[in-house]
**Student:** 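This is the structure I want to talk about, given as structure tokens.
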Amino acid sequence: MKNISVFTDKIKFPNDRFWAASGSDELYAMAYSPEGEFLMKRMDSLGTCRYVRNHYTFNHEIRSGVRCGGDVYSENENGESVYDFTWINGVYRKFVENGIKPIVELDFLPDKLASLSGDVTQEGTGEKYNNRFYPNDWEKWTALLKAFVRNLADEFGLEEIRTWYFEVWNEPDSWPLESWNMFYKMYDIFVDAVTSVDEKLRVGGPGCFTQQFMFSFLDHVANGTNYVTGEKGTRIDFISYHIYGMSGADNWLGSYPLISPTVQRFSQDLMWVFERMVGRYPSLKNVELHLNEWGVISNYDKSSSVFPPLEVRNSEYSALFMIKLADTILELRRNFNLNLTMMLYWGFAGEDFFGKMFNGNRSLTTKYNICKPIQTAHEFMSLLGSNFVETDLKTGGDEGCIAAADENGAQALVYSFNEFDAERKLPDREYNVEFSGLADGKYTLKVYTMDDAHNNTFRLWERMGRPEVPDAEQLNALYAEQNISADTEFEVEVRNGKFSYSITVPSVSMKLISLEAI
């Protein structure tokens, strides 16, 4: 049996819930849907989402027959700009009413402002777009930016939108290399336009996914000539980057040797981008860092019925991957002062919205308002107290412990997960978890488990025979399964500030020990 010490009186960081964020390509449409409403209300009640992010704020976007774009801009017969922010304001109102802050991407280009010479492809698809390039009329685009942000100030008030983030674009890496300077121009104009409404609004970008682009962009922001002011450098309050455990074309999904996503991929990328690149510019030292798209596998709408490896997006694998990634980021914060304040999962209620049942897509929920294990992992994290505290079981291998505490008690989230091994099977591990620094008195001890048999809607659905249309009894069982329940609960007494409890943690599972002061 291995001992784990949890030092509840040694605060590592405040629990800023950096992991509590989500987004989706169709999020704007979902905001008006029953499926999106269900998830937003659940997130609000359980505290699993601080920020949401979405593309298509400005352009006309139809996906699978559903309106997903703000479609805010048109022109009259005289070529004068006409704005309509009603629909998009309604989307943001839905977010705010559910306790969620928007990350406002000021993209993509309305048809009337789209450059006809654009040759930009979406990552991994080869599909070409004209509205993801620089505008054909810089003055009209600048006026649109200013009008839109002023509209938000009028609708929501400056105090509210100062808590939002304003991001320039999404994944400009796909632009031809010779046009990257036009993106820098877009960024400089974007910063000037947004901050002209209020200096305290938070601006950033570039929302890219390659180190080459990030390095070039940061060099412009730190040392380049500003296209608006003519001076050196451009303001940036947060730097955004995207990482997926596996990304790109889908040919690797069914080919051997099969390749597994790893948490190590994230830590390597984060250290290269934010330590090796950001670290070389003193002016960027205190800028927030956002991982504002992440997922185990990027392949957006591919399903597990066609590509079986995508089954990991249905199962406890994604849940454990998320927990290990959060633990790794905490260690990067502690050991390297990595100022990463957001870890945004890309996949909202897509399967539910499109009526797919455990389809292997990037989604927090599936059909019938059922939470997938990845959403349950967010809900496990929501049970942690207001401060992350020290523990002597360090992450980096195939086990770890995220510990937290506050005046109401303490928690230890212990996990066993080896994503490197194709079989992903480890021997059961026994731990004695010893809490110290507690206030003496009575507590309620609760132990929560996620594995293939506990708090796992996907495995329960498997045991039901994978019904595409579950009957009433099956649905009720799935609804019960998605609400986290403790498998152990009783009253204990803490003396001399210490308490110990022993657990067994199987492979690809986690246990949360919670002490709640009575």
Side-chain angles (χ1 to χ4, degrees), residues 1-20 42-48 99 319-320 323 326-327 330 334 371 375-395 399-416 428-451 453-456 480-506 509-518:
M1 179 177 290
K2 180 182 255 184
N3 290 318
I4 302 175
S5 297
V6 175
F7 307 98
T8 66
D9 53 351
K10 294 183 179 180
I11 296 174
K12 186 159 52 175
F13 305 106
N15 184 355
D16 57 357
R17 296 192 296 143
F18 67 94
W19 46 267
R42 187 178 181 96
M43 288 172 157
D44 188 22
S45 67
L46 298 175
T48 61
L320 270 296
I323 297 300
D327 194 15
L330 284 171
R334 189 168 73 95
C371 295
Q375 171 61 19
T376 305
H378 284 79
E379 295 177 9
F380 263 69
M381 289 289 288
S382 75
L383 297 175
L384 299 176
S386 58
N387 294 304
F388 291 114
V389 298
E390 293 287 351
T391 173
D392 62 356
L393 182 62
K394 305 304 182 187
T395 189
E399 60 182 343
C401 176
I402 303 176
D406 55 28
E407 65 276 6
N408 298 315
Q411 304 81 34
L413 180 53
V414 183
Y415 62 88
S416 174
D428 290 357
R429 288 184 166 125
E430 294 183 347
Y431 299 98
N432 181 60
V433 183
E434 181 176 272
F435 296 85
S436 62
L438 293 166
D440 287 352
K442 293 183 178 181
Y443 291 77
T444 299
L445 171 72
K446 295 182 181 179
V447 181
Y448 304 86
T449 301
M450 174 185 273
D451 55 19
H454 299 87
N455 293 305
N456 191 327
E481 188 75 5
Q482 74 182 356
N483 295 322
I484 297 176
S485 60
D487 43 87
T488 299
E489 180 175 348
F490 54 88
E491 187 178 302
V492 299
E493 187 167 357
V494 171
R495 296 177 180 176
N496 300 317
K498 293 186 177 182
F499 177 78
S500 295
Y501 190 76
S502 296
I503 55 174
T504 300
V505 183
S509 74
M510 58 182 165
K511 285 185 181 285
L512 174 66
I513 304 172
S514 174
L515 290 168
E516 299 174 9
I518 298 175

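One is the number of the first residue; the rest follow in order along the sequence.
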**Student:** Give a yes or no on whether the backbone of I4 and the side-chain of D392 come within a donor-acceptor separation of less than 3.5 Å.
**Tutor:** no
**Student:** Could you walk me through whether N432 and Y501 satisfy the side chain to side chain donor-acceptor pair (under 3.5 Å) test, starting with their C-alpha distance in whole Å, then the side-chain angles of each, then the deciding distance to 0.1 Å, before giving a yes or no?
**Tutor:** CA-CA 6 Å; N432 181 60; Y501 190 76; over 6 Å; no
**Student:** Can you tell if the side chain of L330 reaches within under 4.5 Å of the side chain of F13, non-hydrogen atoms only?
**Tutor:** yes
**Student:** With heavy-atom distances below 4.5 Å as the criterion, would you say the side chains of L383 and L512 are in contact?
**Tutor:** yes
**Student:** Output the distance between atom OG (S416) and atom CG (L320), rounded to the nearest 0.5 Å.
**Tutor:** 8.0 Å
**Student:** What's the spacing between E390 CD and T8 OG1 if we round to 0.5 Å?
**Tutor:** 12.0 Å
**Student:** With side chains defined as the heavy atoms from C-beta onward, is the minimum distance between N408 and E516 less than 4.5 Å?
**Tutor:**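 SC-SC contact between N408 and E516 ruled out.
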**Student:** Excluding sequence neighbours, so at least two apart, what forms salt bridge (charged side-chain N to carboxylate O under 4.0 Å, His left out) with E379?
**Tutor:** R42
**Student:** Is the shortest side-chain N to carboxylate O distance from E430 to K2 below 4.0 Å?
**Tutor:** no
**Student:** Determine whether Y431 and T504 make a side-chain contact, defined as any pair of heavy atoms from C-beta on separated by less than 4.5 Å.
**Tutor:**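 A side-chain contact is absent here, since even the closest heavy-atom pair is not under 4.5 Å.
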**Student:** Could you grab the distance from atom CD1 of I484 to atom OG1 of T449, nearest 0.5 Å is fine?
**Tutor:** 11.0 Å
**Student:** Hey, is NZ on K10 packed in by over 12 heavy atoms from elsewhere, all under 6.0 Å?
**Tutor:**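 Counting other residues, nucleotides and ligands, NZ of K10 stays at 12 neighbours or fewer.
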**Student:** Within this structure, what is the CZ-CZ distance for the pair F388 and R334, rounded to the nearest 0.5 Å?
**Tutor:** 13.5 Å
**Student:** Are the side chain of E493 and the backbone of K442 linked by a donor-acceptor contact shorter than 3.5 Å?
**Tutor:**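 No, because the side chain of E493 does not come within donor-acceptor range (under 3.5 Å) of the backbone of K442.
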**Student:** Does T444 offer a backbone N or O that forms a donor-acceptor pair with the side chain of E491 under 3.5 Å?
**Tutor:** no
**Student:** Please check this pair: side chain of Q411 against backbone of G385, looking for a donor-acceptor N/O pair closer than 3.5 Å.
**Tutor:** yes
**Student:** For D440, is there any backbone N or O sitting under 3.5 Å from a side-chain donor or acceptor partner on R495?
**Tutor:**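 A pair under 3.5 Å: no.
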**Student:** Give a yes or no on whether the backbone of R17 and the side-chain of N15 come within a donor-acceptor separation of less than 3.5 Å.
**Tutor:**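 Yes, N15 side chain to R17 backbone: donor-acceptor pair under 3.5 Å.
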**Student:** Can you check whether M381 reaches T48 side chain to side chain, under 4.5 Å on heavy atoms?
**Tutor:** no
**Student:** Looking at S386 and D406, would you say the former's side chain and the latter's main chain have a donor-acceptor pair under 3.5 Å?
**Tutor:**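 Such a contact is absent between S386 side chain and D406 backbone.
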**Student:** Which distance, rounded to the nearest 0.5 Å, do you find between the CZ of F499 and the CD of E434?
**Tutor:** 10.5 Å
**Student:** For the atom pair OG (S509) and CG (N455), what is the distance rounded to the nearest 0.5 Å?
**Tutor:**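 The CG atom of N455 is 11.5 Å from OG of S509, to the nearest 0.5 Å.
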**Student:** Answer yes or no: is there a donor N or O on one side and an acceptor on the other, between the side chain of S514 and the main chain of K446, under 3.5 Å?
**Tutor:**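 No; judged by distance alone, with no hydrogens or angles, the pair does not exist.
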